[in-house]
4 protein chains.
Amino acid sequence: MTAVTRSPGPTTSVDVAEAVRAVRASSRRRQLLDAAVTVMGRTGFHQMSMQALADEAQVSVGLFYKYFGSKEDILLAAIVDILEAFRDQLQPAMDLAGDDPVLQLMAGFRRYASIVDENRDAVVLTYRESRTLDAAGRDRIKELEVETSAPMRSVITAGMADGLMNEVDADLVVFDLMMLAHGWALKHWHFAPGYELDSYVAAQLRFALPTLLVPDKLDEYLTQI
Amino acid sequence: MTAVTRSPGPTTSVDVAEAVRAVRASSRRRQLLDAAVTVMGRTGFHQMSMQALADEAQVSVGLFYKYFGSKEDILLAAIVDILEAFRDQLQPAMDLAGDDPVLQLMAGFRRYASIVDENRDAVVLTYRESRTLDAAGRDRIKELEVETSAPMRSVITAGMADGLMNEVDADLVVFDLMMLAHGWALKHWHFAPGYELDSYVAAQLRFALPTLLVPDKLDEYLTQI
Amino acid sequence: MTAVTRSPGPTTSVDVAEAVRAVRASSRRRQLLDAAVTVMGRTGFHQMSMQALADEAQVSVGLFYKYFGSKEDILLAAIVDILEAFRDQLQPAMDLAGDDPVLQLMAGFRRYASIVDENRDAVVLTYRESRTLDAAGRDRIKELEVETSAPMRSVITAGMADGLMNEVDADLVVFDLMMLAHGWALKHWHFAPGYELDSYVAAQLRFALPTLLVPDKLDEYLTQI
Amino acid sequence: MTAVTRSPGPTTSVDVAEAVRAVRASSRRRQLLDAAVTVMGRTGFHQMSMQALADEAQVSVGLFYKYFGSKEDILLAAIVDILEAFRDQLQPAMDLAGDDPVLQLMAGFRRYASIVDENRDAVVLTYRESRTLDAAGRDRIKELEVETSAPMRSVITAGMADGLMNEVDADLVVFDLMMLAHGWALKHWHFAPGYELDSYVAAQLRFALPTLLVPDKLDEYLTQI
DNA sequence: CATGAATGAGAGTTCATTCAT
DNA sequence: TATGAATGAACTCTCATTCAT
């Protein structure tokens, strides 16, 4: 399962051999990281032995130590990976929604939730294991989370400036939206029987939009959910 | 720190000596559990060694094994402890708020959030370590969480029946409210600089009430937050 | 094999229970250290696995880590142990030889060599493994070696002052004597077939004394070897 | 650092290309061996990883396995290398000293010490790591050491036969001289601050010659040191 | 009721060695 | 000839658990 959708990056291959090696190395890294997320999702970080991890990835234990400095490094890499996906994919998805701040916000939330859905294990991981990391790792995570929240926050600020949205605490609203999206992973045991991702997103938008929109605008958007 | 406010329980003290012993035993248990929550809050369950735990509680390692069957038992006890506090204290707090379902809901959320505040370590623990438990333990947790949600769910159902509240997905709303309350513990690093518990509760109520109330009722309640 | 002869130390047992525990602990430490020297003598420090060590000492691996911080600590303790034996037992042995500096020196060398003989493994260890230690450990060793050399150096200085001995480089002579004594352990494979400890000591004294004594005094002492 | 001065060996170059290859191979071998001695001198055999060794030699790990069968083989080769230098260079150096057995012995000791000086790391290695080798390797070392001692032993025997030297245990004296020369490497931390190689050699000759020479001959040679 | 010395299985990590390129 | 990615056995060290006192 290679859930994290990553941007390919420009390959200005000066040296072919080196490029090939780099690609192979990078795909190796992905393979290892994916295996790690899978196993951690199944058993948790601490219960995961390096041997079990190696078995899952179908490589030797030692190989992990060529790509990561330590077991904890693997955890950090896995968490940073998913958080970067959030950060990098939110703005583009919102841009596609046109100029309307409300529609942009809705698109942002929808994309956010779908990334959560594609990486449920990894999202749970960010909650479960961030305290496992050292201070530097934790700071990196918090930083990424704040960066991720930026596009949705600015669109709310813009909406308020335009008079489209009520005066709210934009920062709080954004973190609430992110938490509700995380809920799809965190409380999946509870929601999965009754919801699909789409219906969950729709329900949460119906929950959250009323605080943002004046009554007469609300209906207009609710029908578009 | 004995954060969990627990109901005293009926003391049918037939034999004084036995009662004293029971109390001491129970206070011992509390002492040990409090120490466990403290250490786990600091380092996490897996990083906590039984020796460190014994040092924190100022007793020997062996003593823990008189009160708990295993290290994992301690974790389960600590988590169940906090979840029982939620379950047992929500209804009473809501009863004190009178008959108005909206005011009851607000009181319930407020009480929920204040328990979260008093047991931030333990709440984070429920997110971090529930996967550590075996299936039976996890089921117990889920069960308690569902039980806890009952009072708030019924009051919303009642509010909708009375026409006081909009038609919403009551279950989803309750879980959302609980998640937002948990947010005070989970994202404390983000919210603590800008919020006190009271202002956090007020802000979240302003966020959540619009979805529940018809516009003309909304203002009336918002002023009471 | 408990080769290192150690001074018992005063036991002002205020608290009997504690004293008993202390004694037991100290004898444990000796037991573990003796096992370590034995195994290291057999296989060398790096080839010695902690499991093999535990097997030799007939205890569990974990127990070693209650008494020593790390494998390297065991090595340092073993080396320091033997070097302290040299340092502590040389002066007393020399004092027993009376006032004559030459006789004192001979007694010192004889005692030094007999400690070497009783701790051949440990002596070889000091040569083989001192580079294994960290800088602090190596410094401790050098310090002890210099301290050990003090009694023999002063007796030579005294002998020269009295006119009993020729003018020599006292420090060099002492280090030479120590190296020749070490030779009994280091080159045991070569000397053992032809020498007993006593004859080795005698031969080395015959080798070393001529440089120290004027010809007419020499014969007098050589007959006493 | 190519400290070991090695005899070129007979180059019966039938085929030039092959000779070139052989030379290159042999210089490769030297390069690898020198790197090994350097790293081992710095860190010890066991602490030296093949990767560190390859880095030092600026080649790949795999290449070492073209020239040596195993890591232990490298150690053996390094030790044998230095011991062969001793064995091969002692007799020629002594021959240059003329016919006088005493002067020959002095020249032998001086050469021996200077080889020690040029290969301090390697000499320490022979003490530190010989136990690391298997029985066959250890036997090879002992054999070489005995072979090395031969020229000095025969010159002493000759000296005694000529009546130039006192009756001594020739074998013991030679081993003592070698140990004292080794001391320049083994106790370099102690002697280096006060001695140069030359003054160390001189001091040790003043220490050792009195046992060999009758008093009236002694002065004559001491002035030539 | 309370202790803490002792256990030993299992963890993360390293590294000599191989082999396809 | 030379590389270095990959292996996996073996290592040191930790720590939950027990039990004699």
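In what follows, chains carry the letters A, B, and so on, assigned in the order in which the sequence lines appear, proteins first and then strands, with residues in each chain numbered from 1. Keep in mind that this is a model prediction, so the values were computed, not measured.
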(request) Output yes when B:D121 and B:R128 qualify as a salt bridge under the 4.0 Å nitrogen-oxygen rule, no when they do not. (result) no

(message) For A:L63 and B:G62, find the nucleotide of DNA chain F closest to each by heavy atoms; which residue's nucleotide sits nearer the 5' end?
(response) A:L63

(message) Is there a side-chain contact between D:V39 and D:Q47 in this structure, where contact means two heavy atoms from C-beta onward sitting under 4.5 Å apart?
(response) no

(request) Looking only at side-chain atoms of D:S60, point me to the closest of E:dA16, E:dA11, F:dA2. (result) F:dA2

(request) Counting heavy atoms from C-beta on, name the nucleotide in F:dC13, E:dT13, E:dA16 closest to the side chain of C:Y65. (result) F:dC13

(request) Measure from CG on C:L53 to P on F:dC13 and round the result to the nearest Å. (result) 11 Å

(request) Could you state the atom-to-atom distance from CD of C:Q51 to P of F:dC11 in whole Å? (result) 10 Å

(request) Mind calculating the distance between CD1 (B:I74) and P (F:dC15) to the nearest angstrom? (result) 15 Å

(message) Defining pairs by Watson-Crick or G-U wobble geometry with both distances under 3.5 Å, how would you list the stems of DNA chain E with at least three pairs each?
(response) E:2-21 with F:2-21

(message) What I'd like to find out is whether the side chain of A:M50 reaches to under 4.5 Å of the side chain of A:I74, using heavy atoms alone.
(response) yes

(message) Measure NE2/D:H46 against P/E:dT14 and give the value in whole Å, please.
(response) 18 Å

(message) Any base atoms under 4.0 Å from C:M50, or only sugar-phosphate, or nothing? Heavy atoms, all strands.
(response) sugar-phosphate

(request) Quickly, which of D:Q51, D:M48, D:R42 forms a side-chain contact (heavy atoms from CB on, under 4.5 Å) with D:E56? Name it, please. (result) D:R42

(request) Could you work out which one of E:dA16, F:dA2, F:dT7 sits closest to the side chain of D:Y67? (result) F:dA2

(request) Return yes if some donor-acceptor pair links the side-chain N/O of C:E129 with the main-chain N/O of C:G44 below 3.5 Å, else return no. (result) no

(message) Starting the side chain at C-beta, find the nucleotide from E:dA11, F:dT7, F:dA2 nearest to A:K66.
(response) F:dT7

(request) Select one nucleotide: of F:dA2, E:dT13, E:dT17, the one nearest the side-chain heavy atoms of A:V61. (result) E:dT13

(request) State which of E:dG4, F:dT3, E:dA16 makes the closest approach to the side chain of D:K71. (result) E:dA16

(message) Would you say that D:I79 contacts D:R138 through its side chain, given a criterion of any heavy-atom pair below 4.5 Å between the two side chains?
(response) no

(message) Could you tell me how far apart C:F68 (CZ) and F:dC13 (C1') are, to the nearest whole angstrom?
(response) 15 Å

(message) I want to confirm an ordering. Mapping B:M48 and C:S49 to their closest nucleotides on DNA chain F, which one lands closer to the 5' end?
(response) C:S49

(request) Quickly work out the A:D55 CG to F:dG8 P distance and round it to whole Å. (result) 10 Å

(request) In whole angstrom, give the distance that lies between atom CG of A:L32 and atom P of F:dA5. (result) 13 Å

(request) Flag this pair as yes if the NZ/CZ of D:K71 is under 6.0 angstrom from the six-membered ring centre of D:Y65 and inside a 45 degree cone about the axis; otherwise no. (result) no

(request) Could you check if a side-chain atom of C:R28 sits within less than 4.5 angstrom of a side-chain atom of C:V59, using non-hydrogen atoms only? (result) yes

(message) I want to verify a distance call: between F:dC13, F:dT18, E:dT14, whose nearest atom is closest to the C:S70 side chain?
(response) F:dC13

(request) Using only side-chain N and O atoms of D:R28, determine if any of them is under 4.0 Å from OP1 or OP2 of F:dT1. (result) no

(message) Just the rounded figure in Å: distance from C1' of E:dA5 to CZ of C:R29.
(response) 17 Å

